[in-house]
Amino acid sequence: MRTADLVLVALLLGAAMGVVFTVLVQAARARAAAATAVLEQHLPDGVAAVLQTLDEPAVVLDGSTSVLLATDAAQSLGLVAGRLLAHPEVAAVVDDARGAHEPRRAELVLRRGAVGTASLHVTVRAAPLGVSLVLLLVEDRSDAVRLEAVRRDFVANVSHELKTPIGAVGLLAEALDSAADDPSQVRRFAGRLTAEAGRLASITREIIDFSRIQARDPLHEPQPVALDELLAAAIDRSRVAAEAKSVEVVRGKRSALHVLGDEALLTTALHNLIVNAVQYSPPGGHVGVGARVRDGVVEISVSDQGVGIADDDLERVFERFYRGDPARSRSTGGTGLGLSIVKHIVENHGGDVRVWSRVGRGSTFTIRLPEAAAPDAARPRRRERERV
Ligand code: ADP
């Protein structure tokens, strides 16, 4: 075949493929439009209008438990994923109500995000609507459950953590009294009294801070948080501690990544990790802070080449008031609450925090959070979701 013929054949083939492709796309569009029309027809008159006025999470599902309509509150609570319910436990209550032809109610604890162990405490009510539809109403009780935990923990922390230093203050006051005639002993006991008082003040401050953080739900009205700004703010806040120890905090490349949540809380979490990395580094050491994304999960890491953490301690460092080496921790002014605050904040953002460490080599703490769209790209997405 001559070259000119070959070119002609290739052109004809290209044109034919173009036509086939266009027809396929048109057909797919028509099918999608027909499907939407069918879904809309399913809804009894007035149901959509009534649901639009609800501030509460509500969803209408068809005979195959596909979502026909979801209120904004249901979307933002993460109950719906595309045309399906995000949690199989909720779908089971819906199926149960449809099968029994009568309303069903259940108290459920649902997974909150793609990573981490944070949970939602909800009461779900499912009621048949006509022949095959089901109306699902969800009451989010997470706030009430969280506040009850805050109250319980506050009482437990205060009684457990304050008992020892208060006891010490009492004993030192008695010792001071009986050493009244010996000026050097008076000075010694007074010095220890001042140290215990300072310690009491910092524990009390941390317990109050922790209770405040526990009481806030960062995903109630989440905002897109730019990681570049988050890293800059947390590093800036750690500057005094780093300068005091002559440790250099080195920041990784800018990333343009975003996560959803409360910027102030996330800054506190990252700041706690950086301050720890500085405290447990030798003078003149380096601390690295960086962010990257992998499979839709943002990873913010803080690395040091400091003392490292022994294997036995590694599993426990996120526990409240746990201190790996109490003597060292006392000299750094630590209370053992820093990492439990980090864990709490990150889990409430639907993420988790991990640690790698070797004694004598250093540690890397990594906060993992679901990636969010940049603010400009997020807005059209929200409108798209409201159409479900
Ligand atoms: P603290 O106030 O004692 O620093 P944290 O909750 O922040 O309390 O940390 C708990 C324990 O974890 C610390 O006492 C310390 O033993 C260990 N730790 C935390 N971060 C580091 C780090 N970067 N390097 C070495 N040990 C660390």
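One-based numbering, in listed order, for ligands and for the atoms of each.
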Q. Between Leu137 and Ala58, which heavy-atom pair has the shortest distance, and what is it?
A. CD2-CB, 3.6 Å

Q: Any chance you could lay out the side-chain hydrogen bond (donor to acceptor under 3.5 Å, both in side chains) test for Thr123 and Glu107, step after step, and finish with the verdict?
A: CA-CA 5 Å; Thr123 303; Glu107 308 281 337; 3.1 Å; yes

Q: Name all pairs fulfilling the salt bridge (charged side-chain N to carboxylate O under 4.0 Å, His left out) condition that reach into residues 255-274, sequence neighbours left out, sorted by first residue then second.
A: Arg216-Asp262

Q: Name the option, out of Ile341, Asn272, Leu339, that contains the heavy atom nearest to atom 6 (O) of ligand 1.
A: Leu339

Q. Under 4.0 Å from any heavy atom of Gly338, which atoms of ligand 1 are there?
A. 5 (P), 6 (O), 7 (O)

Q | Non-hydrogen atom of Phe318 closer than 4.0 Å to ligand 1 | A | no

Q. Would Ile367 and Leu273 satisfy side-chain contact (heavy atoms from CB on, under 4.5 Å), going step by step from the backbone distance to the final call?
A. CA-CA 10 Å; Ile367 292 176; Leu273 290 185; 3.8 Å; yes

Between side-chain atoms of residues 91-103 and protein atoms elsewhere (two or more places apart, or another chain), which donor-acceptor pairs fall under 3.5 Å?
{"residue": "Asp95", "atom": "OD1", "partner": "Thr65", "partner atom": "OG1", "Å": "2.6"}
{"residue": "Asp95", "atom": "OD1", "partner": "Arg98", "partner atom": "NH1", "Å": "3.1"}
{"residue": "Asp96", "atom": "OD2", "partner": "Arg104", "partner atom": "NE", "Å": "3.2"}
{"residue": "Arg98", "atom": "NE", "partner": "Ser132", "partner atom": "O", "Å": "3.0"}
{"residue": "Arg98", "atom": "NH2", "partner": "Asp62", "partner atom": "O", "Å": "2.8"}
{"residue": "Arg98", "atom": "NH2", "partner": "Thr65", "partner atom": "OG1", "Å": "3.2"}
{"residue": "Glu102", "atom": "OE2", "partner": "Arg104", "partner atom": "NH1", "Å": "3.2"}

Q) Which part of Val317 is near ligand 1, with near meaning a heavy atom under 4.0 Å away: side chain, backbone, both or neither? A) both

Q. Can Gly336 be said to touch ligand 1, with heavy atoms closer than 4.0 Å?
A. yes

Q) In ligand 1, which numbered atoms sit nearer than 4.0 Å to a non-hydrogen atom of Tyr322? A) 10 (C), 11 (C)

Q.
Evaluate Asn276 for polar contact with ligand 1, using N/O atom pairs at a separation under 3.5 Å.
A. yes

Q) Quick one: does Asp304 get a heavy atom under 4.0 Å from ligand 1? A) yes

Q: Please step through side-chain contact (heavy atoms from CB on, under 4.5 Å) for the pair Leu230 and Thr267, ending with a clear verdict.
A: CA-CA 6 Å; Leu230 179 71; Thr267 309; 3.4 Å; yes

Q) Where do Asn272 and Leu339 land on the side-chain contact (heavy atoms from CB on, under 4.5 Å) test, with the steps shown first? A) CA-CA 7 Å; Asn272 284 2; Leu339 287 180; over 6 Å; no

**Q.** Atom indices of ligand 1 within 4.0 angstrom of Ala277 heavy atoms, with elements
**A.** 23 (N)

Q: Decide whether an N or O pair under 3.5 Å exists between Val307 and ligand 1.
A: no

Q.
Give the atom numbers and elements of ligand 1 that come within less than 4.0 Å of a heavy atom of Gly308.
A. 25 (C)

Q | Salt-bridge contact Arg251-Asp228 (side-chain N to carboxylate O under 4.0 Å) | A | yes

Q: Give the numbers and elements of all ligand 1 atoms closer than 4.0 Å to a heavy atom of Arg323.
A: 3 (O), 14 (O)

